[in-house]
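Ligands are counted one by one from 1 in listed order, and the atoms in each one are counted from 1 as well.
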Amino acid sequence: VPEIGCLSIIVLGASGDLAKKKTFPALFNLYRQGFLQPSEVYIFGYARTKISDDELRNRIRGYLIPTKGASSEQSESVSKFLQLIKYVCGSYDGEEGFQLLDKEISEHEISRNSVEGSSRRLFYLALPPSVYPPVCKMIKHCCMNKSDLGGWTRIVVEKPFGKDLDSSEKLSTQIGELFEEPQIYRIDHYLGKELVQNLLVLRFANRFFLPLWNRDNIDNVQIVFREDFGTDGRGGYFDEYGIIRDIIQNHLMQVLCLVAMEKPVSLKPEHIRDEKVKVLQSVLPIEDKEVVLGQYEGYTDDPTVPDHSNTPTFATVVLRIHNERWEGVPFILKAGKALNSRKAEIRVQFKDVPGDIFKCKKQGRNEFVIRLQPLEAMYMKLTVKQPGLEMSTVQSELDLSYGQRYQGITIPEAYERLILDTIRGDQQHFVRRDELKAAWEIFTPLLHRIDNGEMKPIPYKPGSRGPAEADELLEKSGYVQTRGY
Ligand code: BG6
């Protein structure tokens, strides 16, 4: 077996926001923890801007260390990391730049004595999807390596993958004509979050949950995403997409799949993704009466947002899964910008106790909450005897807060974990083409109705819970509000 050759990580769109804020910091963290060895790794930044290696390094530097109080050790590791980065300037649709890029990568491979056919090339497209097709074409024509000795070429892409079913399928076909599915890593960074990755373990390694996780015991499931800030300078992008495309169709649907899927045959990525696709394919068409849309007041003040924009910045959508396990259980997906808090959580609410002699429902139902962020935690709301001489009951919690239970353990950033997976060739936490298609199939009719102005968002105050109608829909769907935690 040949030794694995050297690794080139090519960040396309190197001077853009995503690269600076997410990609390079994640690479730096991997480097710091010893996952990227200077003896075998080199990083190439590629973009259209004419800058030097040092200019790129200086642009990135500020995102890698705390502005105040960086220790000399931190500064030193940043400097060493930055020395691994080289910049190549070129266009996204011309051969010249990509040929130059290929030459640089090959020189690096030769300098590391990498045997031809064993080198690894990871292309990270930190770019708008409109340029994915030309860029993929150029990579295919100019930058592929031989793979006969275990080497590979992989590409990493990130949403938005189109705006609806047709545009997404078109993009998938264009990329699919150039690369095989095992070479394509579609990032949904929610799949890199610690508590999202924990869902499979929780569900399938605990006897507690196995017999209860179904329509006989669960009344409703909520998957909630809230942000306490608005579009924050991204108004132009956001207005084209809206909250359903930005958050619900991808991040929240991926979470829903992991909550609702059947046990996979094994932990092989294909087995897991097969089960996720089945969930998506079992979702019934969305009914307008089970949708509430909102737009925060002041959203259109952003000069990049049209004055009469119909784009929702908030949505609650009830999904129904038509299968043996979930028939009749509403899955309530809620996402909003400019709300009263920043939080992402899953709330699984159980049915009332039959023949209840304690009036449990008055205090609140059993509820299992998984808080994805901030302050990762899982807790179970349950009814216990109020300590004391009287026989009365009270709602309490069994609480697993990660900050307390796992003190001293740093939870990795989603991007860090996902980039490492792309290097290792593990596609479990990436979206497969058929998953993407099935998720678009669910939302496209609703999105078209919104785009055509047939459905209007209700205004809500920034810093609020969103439109009151969303809470009414929640209640109608069976959710019983208990005291906050
Ligand atoms: C991105 C969306 O995918 O996720 C943003 O485009 C959103 O609008 C972000 O703010 C939220 O990510 P996180 O990890 O902060 O919850």
Contact table ligand 1 N or O to protein N or O, d under 3.5 Å:
unit_1, atom_1, unit_2, atom_2, d
ligand 1, 3 (O), Lys159, NZ, 2.9
ligand 1, 3 (O), His251, NE2, 2.7
ligand 1, 6 (O), Lys159, NZ, 3.0
ligand 1, 6 (O), Arg234, NH2, 3.0
ligand 1, 6 (O), Asp246, OD1, 2.6
ligand 1, 6 (O), Asp246, OD2, 3.4
ligand 1, 8 (O), Arg234, NH1, 2.8
ligand 1, 8 (O), Asp246, OD2, 2.6
ligand 1, 8 (O), Lys337, NZ, 2.7
ligand 1, 10 (O), Glu227, OE1, 3.3
ligand 1, 10 (O), Glu227, OE2, 2.5
ligand 1, 10 (O), Lys337, NZ, 3.4
ligand 1, 12 (O), His189, NE2, 3.1
ligand 1, 14 (O), His189, NE2, 2.8
ligand 1, 14 (O), Lys193, NZ, 2.6
ligand 1, 15 (O), Arg342, NH2, 3.3
ligand 1, 16 (O), Tyr190, OH, 2.4
ligand 1, 16 (O), Gln373, NE2, 2.7

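Residues passing the salt bridge (Lys or Arg N to Asp or Glu O under 4.0 Å) test with Lys461 are Glu297, sequence neighbours excluded. Residues that satisfy the salt bridge (Lys or Arg N to Asp or Glu O under 4.0 Å) test with Arg59, not counting sequence neighbours, are absent from this structure. Partners of Asp451 according to the salt bridge (Lys or Arg N to Asp or Glu O under 4.0 Å) rule, which considers only residues two or more places apart in sequence or in another chain, are Arg245.
Residue Phe204 forms a side-chain contact (heavy atoms from CB on, under 4.5 Å) with just one option from Leu200, Leu202, Asn206, and that option is Leu200.
Taking OH of Tyr185 as the reference point, atom CZ of Arg154 lies at 4.0 Å (rounded to 0.5 Å).
For Glu181 and Arg273, the salt-bridge test fails: no basic side-chain N is under 4.0 Å from an acidic carboxylate O.
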